[in-house]
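These numbers were taken from a predicted model, which means no experiment stands behind them. Side chains included, hydrogens not; waters and symmetry mates left out as well; all remaining heavy atoms used. Atoms within a ligand are numbered from 1 in the order they appear, just like the ligands themselves.
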Amino acid sequence: MAADTAKATATHRDDAVPAYDRDLYDQVMTPNYAPMTLIPERGAGSELWDTGGKRYLDLAAGIAVSALGHAHPALVEALTEQARKFWHVSNLLTNRPAIELAYKLVQLTFADRVFFANSGAEVNEAALKLARRHAISRHGEGKTGIIAFDNSFHGRTFFTVCVGGQGKYSDGFGPKPGDITHLPFNDVAALEAAVNDRTCAVILEPVQGEGGVNPASVEFAQAARELCSANDACLVLDEVQTGVGRSGYLYMYEPLGVTPDILTTAKGLGGGFPIGAMLTTAEIAESLQVGTHGSTFGGSPMGCAVAAKVLDIVSDPAMLTSVREKGQMLRLAFADLNEKFDCFADIRGAGLLLGCTLKGPWQDRARDVLRQCTEEGLLILMAGGNVLRFAPALNISEEQLREAVEILGKALAATRD
Ligand SMILES: Cc1ncc(COP(=O)(O)O)c(C=O)c1O
């Protein structure tokens, strides 16, 4: 207490304006992130400028979030138009943007009902709670088994991080929620052996994003669908990273040919504004009665107004076709780089969510390549220490993609030398 008082007094006496730079970050923020030194100042489309005026081409888009790039004029307009009206009314009242966005999601997908929250983790939390509650209310207390997969990632709430298949994120926080089984991804036989009448949900990402950009095979996704149907379990597709056009389809369950019972979407949905949605059928939604779940900010008019605009733009078939074409173009360009450097063991993903596994002198050096790219004015992502991940805005131009690949080539050369 005494120390707190001393600190407060010192802060009040210090009337010099600090630099608000990366050094101050370390003094005032919890140390659970390690951001780069650059601090962005403004963005336009797939370009960002830092506080020193340096330009970066952005193939990260947050982490697959800014679906239409930075400061898209139509999104700025949707947000500011709503901002001038009202920002928040709670779920004691509803609001027009929320109804409009839910209507659009229902029109565009398998779903009949939508629940809004603010992030991927929150909508996955809602999905898992719904799957459990639905199974228990229909079949009794014993039907609580959740099947998830090694290397999957579903968010950082304690339930979702324990369902996620990366122990490093869930260990060290005390007793974990139970009845969660992790299986190898894309292993149909393991899935067949594990799903039974005690299973309430199978949850999977159509492409494991954080876990290394690993696509689910059609066979695996379809087996999950059939096993869930045969055992009265919910198939939950976590499309937080693959959704909203990123795969080249509005949602990736379409090309996989499986209809989920519950689907979660966030990241790209708000184009950078925090919002998430859980989509489900009318029948399953019945298990959420008044008061069973909720969120203060979920369904905020600001987030919903922006997301409705994002959906209008992204669901245009021409936009989705262009995502598939640009994804293909990027894959070919990576293959050319591979011819030149012999650097990638694998190039994989869907649409504009692509991963390149490093090999040879670059093996396990994704961080070094990423740093070098940043030096050269290109922002990219990693997925673990050995996979370069690319998730540009869906409306990035072909010219920008060509420029990015050229910079990546330079960065690969510099990292090797
Ligand atoms: C597939 C998937 N699910 C859930 C999440 C968690 O989303 P959020 O960080 O918005 O809570 C992520 C984030 O990377 C994700 O990729």
Q. With hydrogens left out, which residues have an atom under 4.0 Å from ligand 1, given that only heavy atoms count?
A. Ser119, Gly120, Ala121, Asn124, Phe153, His154, Gly155, Glu205, Glu210, Asp238, Val240, Gln241, Lys267
Q | Partners meeting salt bridge (charged side-chain N to carboxylate O under 4.0 Å, His left out) with Glu325 (sequence neighbours left out) | A | none
Q) Is the cationic atom of Arg22 (NZ for Lys, CZ for Arg) positioned less than 6.0 Å from the six-membered ring centroid of Tyr25 and within 45 degrees of its normal? A) yes
Q: Report yes or no: do Thr357 and Arg348 form a side-chain donor-acceptor pair below 3.5 Å?
A: yes
Q. Stepwise, does the ring pair (Phe, Tyr, Trp, His ring centres under 6.0 Å) test hold for Phe110 with Tyr251?
A. CA-CA 10 Å; Phe110 76 98; Tyr251 288 98; 8.6 Å; no
Q.
Can you tell whether the side chains of Lys410 and Glu375 come within less than 4.0 Å, N to carboxylate O?
A. no
Q: With rounding to the nearest 0.5 Å, note down the distance linking NE2 in His154 to CD in Gln241.
A: 12.0 Å
